Amino acid sequence: ADVNSGNNGIASLRATENGDSGAKVVGRVENGVADADQAHEDSPYSGNTLVVEDGPSVGDEDLGSAAAPLPSVSKSNIEHRWSDITSYTTKKVQSWFQLPNGNWELARIVKTAGSESVISLPDGKVLKVNSDSLIPANPDILDGVDDLMQLSYLNEPSVLFDLQYRYNRDMIYTKAGPVLVAINPFKKVPLYGNNYIEAYKNKSIESPHVYAIADTAIREMAQVVVLLFSFSSGESGAGKTETAKIAMQYLAALGGGSGIEYEILKTNPILEAFGNAKTLRNDNSSRFGKLIEIHFSETGKISGAKIQTLLYEQSRVVQCAEGERSYHIFYQLCAGAPRTLREKLNLKDVNEYKYLNQSNCYAISGVDDAEQFHIVKEALDIVHVSEEDQESVFAMLAAVLWLGNISFNMIDNENHVEAVADESLINVAQLIGCETVDLNLALSTRKMRVGQDNIIQKLTLSQAIDTKDALAKSIYACLFEWLVEQINKSLAVGKRRTGRSISILDIYGFESFGRNSFEQFCINYANERLQQHFNRHLFKLEQE
């Protein structure tokens with residue numbers, strides 16, 4: 001089942017219900033890779049309990065595959081039903097038909113003559129179409145099955161219809177064999193918490209869920225030394241990061257006891273503050289990728305973790321599109337820093353920094369940046385980042401903001417410049433710990449080695465701005481790497497390593513705009529490659 005059909009490996013759900021004349025985009029599909037339980041034997045949709053009704057809505061193949069005793073049917077009726085099996089598709093009362101705009105409609109077949117069929121659409125339109133363009137629809141009894149492998153007809157419209165049918169009833173998780181399909185509900189759904197964790201742990205609930213996948217991973221860890229618990233590529237906002245956090249909550253609940261699990265969970269607000277940002281399509285878009293390895297002891301308890309990250313979108317530090325924001329931590333610092341810290345860093349409001357005000361977007365609806373700052377501070381305490389180191393982190397963030405406010409003056413008729421010695425230059429020098437003269441020289445000149453000599457070349461205005469932006473991006477990238485290093489020291493396994501681990505891959509989201517940066521191109525390319533890897537290992541190898 002190609003649930004990832006469509007642009008860039010992401011299936012935009014466009015199935016329509018009876019009576020709807022237009023398409024509904026109800027969510028985005030994301031795949032989690034891990035072994036899942038086989039379909040339940042007692043499922044009402046399994047062959048053992050399939051209910052077969054005698055009527056035109058059930059086809060001959062359905063009758064032939066039913067394992068349960070058939071209802072009483074007269075001999076003449078059976079002979080009539082089996083008298084003509086030349087074209088099963090056209091005997092179905094309803095079939096899927098794809099409109100010119102790409103949407104699927106559930107059409108009723110009025111009549112068939114030769115290679116053509118007359119169909120009636122839900123909006124009342126009657127069309128004459130080629131019979132080969134009609135795709136068989138599943139019987140109503142299969143509406144909303146929790147495993148797509150149970151569908152009699154595993155085609156694109158049937159898969160999308162089943163996902164939307166479940167989605168409309170807040171059943172956002174569906175299995176596709178070993179794959180868990182998760183659709184972002186874009187609202188809070190009552191599917192999580194201690195009660196649900198306990199229920200999936202005790203197997204009192206068996207419906208598809210991230211908890212079920214995580215539970216399977218933990219139980220099979222005894223047989224498999226290393227497990228990869230991967231969340232594949234998806235469009236920004238599909239729910240990859242939230243799904244990864246939900247999985248980590250379950251692993252922490254079942255493998256907890258040492259206290260390290262609490263530290264692991266507290267890495268999320270830190271990494272999101274420094275690595276996530278508001279884009280046009282997602283208020284909390286991960287602009288970096290991370291692989292979290294959670295290690296377990298021989299008794300199945302969490303013994304430590306390691307995080308690998310790569311900050312892909314460094315350009316966001318110095319440049320944002322209209323309506324977007326830079327990384328969350330800048331806004332959180334400006335909104336939540338206490339008075340003493342603000343005075344020490346000479347902090348201003350967010351709209352007074354050029355790196356932040358160029359996009360005219362300073363807040364996110366429903367998010368309190370000041371409150372988030374205190375959450376990040378608490379998380380830094382929990383992962384043992386000292387108060388002194390925290391002040392250094394905030395100083396570097398302030399230095400980046402002040403760098404954006406540095407301006408330049410022309411000093412000759414060849415467009416060469418030097419930095420203006422105002423509060424911006426002075427503040428940056430103080431925050432990073434250097435002399436103002438040295439900072440000015442670094443921003444307005446470039447050293448070149450020619451033979452055995454060093455030549456100092458003066459920079460033009462555009463070159464000086466590029467140098468200033470490069471310094472800001474470099475400081476932020478080094479700060480991000482340092483933070484991850486400190487987190488890993490706090491979560492280190494050390495001598496407790498047993499080789500048993502579960503890894504969670506949370507990759508950056510796919511986004512495509514009218515004009516894309518080179519970094520966005522790399523992000524999208526990585527998504528495509530990962531999707532191809534996923535398809536090969538989950539579908540092609542399974543077929544072989």
Side-chain angles (χ1 to χ4, degrees), residues 241-242 245 263 265-279 282-288 290 307 309 311 313-321 323-405 427-428 431 472-473 475-484 486-487 508:
T241 298
E242 289 302 314
K245 286 157 64 175
E263 292 185 37
L265 293 178
K266 283 300 181 181
T267 63
N268 287 319
I270 299 173
L271 295 176
E272 285 190 14
F274 285 85
N276 288 26
K278 180 188 184 305
T279 66
N282 185 358
D283 287 348
N284 189 34
S285 178
S286 299
R287 308 319 295 162
F288 72 108
K290 66 175 179 285
I307 299 174
T309 64
L311 187 65
E313 202 177 23
Q314 293 184 19
S315 63
R316 185 169 293 273
V317 175
V318 301
Q319 182 178 337
C320 290
E324 296 193 345
R325 297 207 318 178
S326 185
Y327 292 101
H328 294 325
I329 190 61
F330 292 120
Y331 307 87
Q332 294 170 359
L333 175 65
C334 293
R339 184 177 58 83
T340 54
L341 182 60
R342 295 185 68 88
E343 292 174 354
K344 186 179 293 186
L345 305 180
N346 294 316
L347 275 180
K348 292 186 175 183
D349 294 333
V350 288
N351 59 356
E352 297 186 62
Y353 291 110
K354 291 182 180 178
Y355 282 159
L356 304 184
N357 64 24
Q358 58 186 312
S359 65
N360 295 314
C361 180
Y362 306 110
I364 299 175
S365 177
V367 176
D368 186 338
D369 285 320
E371 180 184 352
Q372 291 301 313
F373 178 77
H374 296 304
I375 292 175
V376 172
K377 277 272 296 171
E378 178 190 358
L380 289 170
D381 290 336
I382 291 172
V383 297
H384 309 297
V385 177
S386 68
E387 194 66 32
E388 182 181 354
D389 283 342
Q390 288 185 38
E391 287 195 4
S392 296
V393 168
F394 300 140
M396 290 303 101
L397 293 173
V400 169
L401 293 178
W402 281 112
L403 267 170
N405 284 13
N427 284 335
V428 173
L431 291 167
K473 290 188 288 185
I475 290 175
Y476 194 79
C478 291
L479 175 61
F480 189 83
E481 291 176 8
W482 179 88
L483 262 177
V484 174
Q486 299 308 304
I487 291 172
Y508 32 84

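No experiment lies behind these values; they were computed from the predicted model shown. These numbers come from the heavy atoms of this one structure, side chains and all, not from hydrogens, waters or symmetry mates.
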Quiz item: Does the pair Ile487 and Ile307 meet the rule for a side chain to side chain contact (heavy atoms under 4.5 Å, CB included), with working shown?
Solution: CA-CA 8 Å; Ile487 291 172; Ile307 299 174; 3.9 Å; yes

Taking atom [atom1] of [X] and atom [atom2] of [Y], what is their separation to the nearest 0.5 Å?
X: Ile329; Y: Phe480; atom1: CD1; atom2: CZ; result: 11.5 Å
X: Asp368; Y: His374; atom1: CG; atom2: NE2; result: 8.5 Å
X: Gln486; Y: Thr267; atom1: CD; atom2: OG1; result: 14.0 Å
X: Gln332; Y: Glu272; atom1: CD; atom2: CD; result: 9.5 Å
X: Lys473; Y: Ser315; atom1: NZ; atom2: OG; result: 6.5 Å
X: Glu481; Y: Phe274; atom1: CD; atom2: CZ; result: 13.5 Å

Practice problem: Go through the steps for Val400 and Leu479 under the test side chain to side chain contact (heavy atoms under 4.5 Å, CB included), then give the verdict. | Solution: CA-CA 11 Å; Val400 169; Leu479 175 61; over 6 Å; no

[X] versus [Y]: any side-chain heavy-atom pair under 4.5 Å?
X: Leu341; Y: Leu333; value: yes
X: Ile270; Y: Val385; value: no
X: Leu271; Y: Val484; value: yes
X: Glu324; Y: Arg316; value: yes

Quiz item: Hey, do the aromatic rings of Tyr353 and Phe330 have their centres closer than 6.0 Å?
Solution: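 Tyr353 vs Phe330: aromatic centres not under 6.0 Å.
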
Exercise. Would you confirm whether the ring centroid of Tyr327 sits within less than 6.0 angstrom of the ring centroid of Phe288?
Key: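 Aromatic pair excluded; centres sit 6.0 Å or further apart.
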
Quiz prompt | Steps toward side chain to side chain contact (heavy atoms under 4.5 Å, CB included) verdict (Val393, Leu380) | solution = CA-CA 11 Å; Val393 168; Leu380 289 170; 5.7 Å; no

Heavy-atom closest contact ([X] atom, [Y] atom, distance):
X: Ala398; Y: Leu347; result: CB-CD2, 4.3 Å
X: Ala335; Y: Asp369; result: CB-CB, 3.9 Å
X: Val350; Y: Tyr362; result: CG2-CD2, 3.8 Å
X: Leu345; Y: Trp402; result: O-NE1, 3.4 Å

If only atom types and distance count, is the side chain of [X] paired as donor or acceptor with the main-chain N or O of [Y] below 3.5 Å?
X: Ser392; Y: Glu388; value: yes
X: Glu378; Y: Ile375; value: no
X: Lys278; Y: Gly323; value: yes

Exercise. Decide whether Glu352 and Asn405 meet the rule of one side-chain donor and one side-chain acceptor closer than 3.5 Å.
Key: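 Their side chains do not contain a donor-acceptor pair, so the 3.5 Å distance test is not met.
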
Quiz prompt | Steps toward salt bridge (charged side-chain N to carboxylate O under 4.0 Å, His left out) verdict (Lys377, Glu387) | solution = CA-CA 9 Å; Lys377 277 272 296 171; Glu387 194 66 32; 2.9 Å; yes

Self-check item: Sole residue of Val317, Asn427, Leu356 in side-chain contact (heavy atoms from CB on, under 4.5 Å) with Leu401
Solution: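 Considering Val317, Asn427, Leu356, a side-chain contact (heavy atoms from CB on, under 4.5 Å) with Leu401 is found only for Leu356.
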
Quiz item: Testing Ser286, Pro269, Ser285 for side-chain contact (heavy atoms from CB on, under 4.5 Å) with Asn276, which one passes?
Solution: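 So the option named by the test is Ser286.
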
Quiz item: Does a side-chain N-to-carboxylate-O contact under 4.0 Å join Glu242 and Lys245?
Solution: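 Lys245 and Glu242: salt-bridged.
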
Self-check item: Pair Tyr331-Ile364, side chain to side chain contact (heavy atoms under 4.5 Å, CB included): steps then yes or no
Solution: CA-CA 10 Å; Tyr331 307 87; Ile364 299 175; over 6 Å; no

